[in-house]
Amino acid sequence: QVQLVESGGGLVQAGGSLRLSCAPSGRTFSNYGMGWFRQAPGKEREFVAAINWGGGTTYYADSVNGRFTISRGNARNTVYLQMNRMKPEDTAVYYCAATATTTSSRLRAPDEYNYWGQGTQVTVSS
C-alpha cells in the first residue's frame with residue numbers, strides 16, 4: 001500500500017519554480033531518511049535529492065545541484081522539494097520515498113528505500 005503522498009506537481013515554464021510536498025499516510029516517518037526520485041518517458045528512475053532527518057545531511061544529483069533544495073517540515077513529517085530555474089529536461093514523474101537506513105551515504109540508492117509514493121507529474125515547457 002502507498003505510504004507517502006506527493007503533491008504540488010504541474011506545468012511550469014522554463015526558468016520558473018515549483019515546490020513538491022510529500023506527506024505520510026498511515027504512519028509517521030520521523031527519523032527516516034527521505035528521498036526524491038524522478039522518471040521521464042523512456043528512461044529509468046533516477047536519484048534527485050535526499051535528506052537524513054537526524055543529521056540534516058543532504059545529497060543532490062549533479063543535474064539539479066544548485067537549483068533544487070530538499071527540506072523537512074517543522075513537525076518532521078512532511079518533506080519538500082523546492083525546484084528553481086527549472087529546465088525542460090526536468091520533466092518527469094517525481095516520486096517521494098522513505099527509508100530507515102542508518103547509513104547516510106546510502107540515501108542516494110533507490111534499493112535502500114522501503115516506502116514510495118505514487119508520483120506526481122512535473123512538466124516544464126520551453
Worksheet item: Do the non-hydrogen side-chain atoms of Leu81 and Arg38 ever get within less than 4.5 Å of each other?
Response: no
Item to complete: Could you state whether Tyr115 and Tyr80 fall into the same hydrophobic cluster, counting links through intermediate Ile, Leu, Val, Met, Phe, Trp or Tyr residues with side-chain heavy atoms under 4.5 angstrom apart?
Response: no
Worksheet item: Gln13 and Ser125: which non-hydrogen atoms are nearest, and at how many Å?
Response: CA-OG, 3.5 Å
Worksheet entry | Side chain to side chain, Val122 and Asp90, heavy atoms closer than 4.5 Å | no
Worksheet item: Do you know which two heavy atoms are closest between Pro88 and Ser126, and how far apart they sit?
Response: CG-OG, 3.4 Å
Worksheet entry | Pairwise side-chain contact, Phe37 with Tyr113, heavy-atom cut-off 4.5 Å (strictly under) | yes
Practice prompt. Could you pull out the closest heavy-atom pair between Thr91 and Ala40, with the gap in Å?
Written response: O-CB, 3.7 Å
Discussion item. Contact between Thr103 and Glu112 at the side-chain level, heavy atoms closer than 4.5 Å - yes or no?
Written reply: no
Worksheet item: Less than 6.0 Å separating the ring centroids of Tyr59 and Phe47?
Response: no
Worksheet item: Which residue pairs pass the salt bridge (Lys or Arg N to Asp or Glu O under 4.0 Å) test when at least one of the two sits in residues 9-20, sequence neighbours left out?
Response: none
Worksheet item: Do the side chains of Leu4 and Met34 get nearer than 4.5 Å, heavy atoms only?
Response: yes
Discussion item. Show the nearest heavy-atom pair for residues Cys96 and Val79, with the distance to one decimal.
Written reply: SG-CG1, 3.7 Å
Discussion item. Please check if the number of heavy atoms outside Glu89 that lie under 6.0 Å from its CD is greater than 12.
Written reply: yes
Worksheet item: With side chains defined as the heavy atoms from C-beta onward, is the minimum distance between Trp36 and Glu6 less than 4.5 Å?
Response: yes
Discussion item. Between Met86 and Leu18, is there a side-chain heavy-atom distance shorter than 4.5 Å?
Written reply: yes
Item to complete: State which residues pass ring pair (Phe, Tyr, Trp, His ring centres under 6.0 Å) with Tyr94; sequence neighbours excluded, sorted by chain then number.
Response: none
Discussion item. Do Glu44 and Pro110 have side chains that approach each other closer than 4.5 Å (heavy atoms only, starting at C-beta)?
Written reply: no
Practice prompt. Can you see which heavy atom on Gly117 is nearest to which on Tyr95, and at what distance?
Written response: O-CD2, 3.6 Å
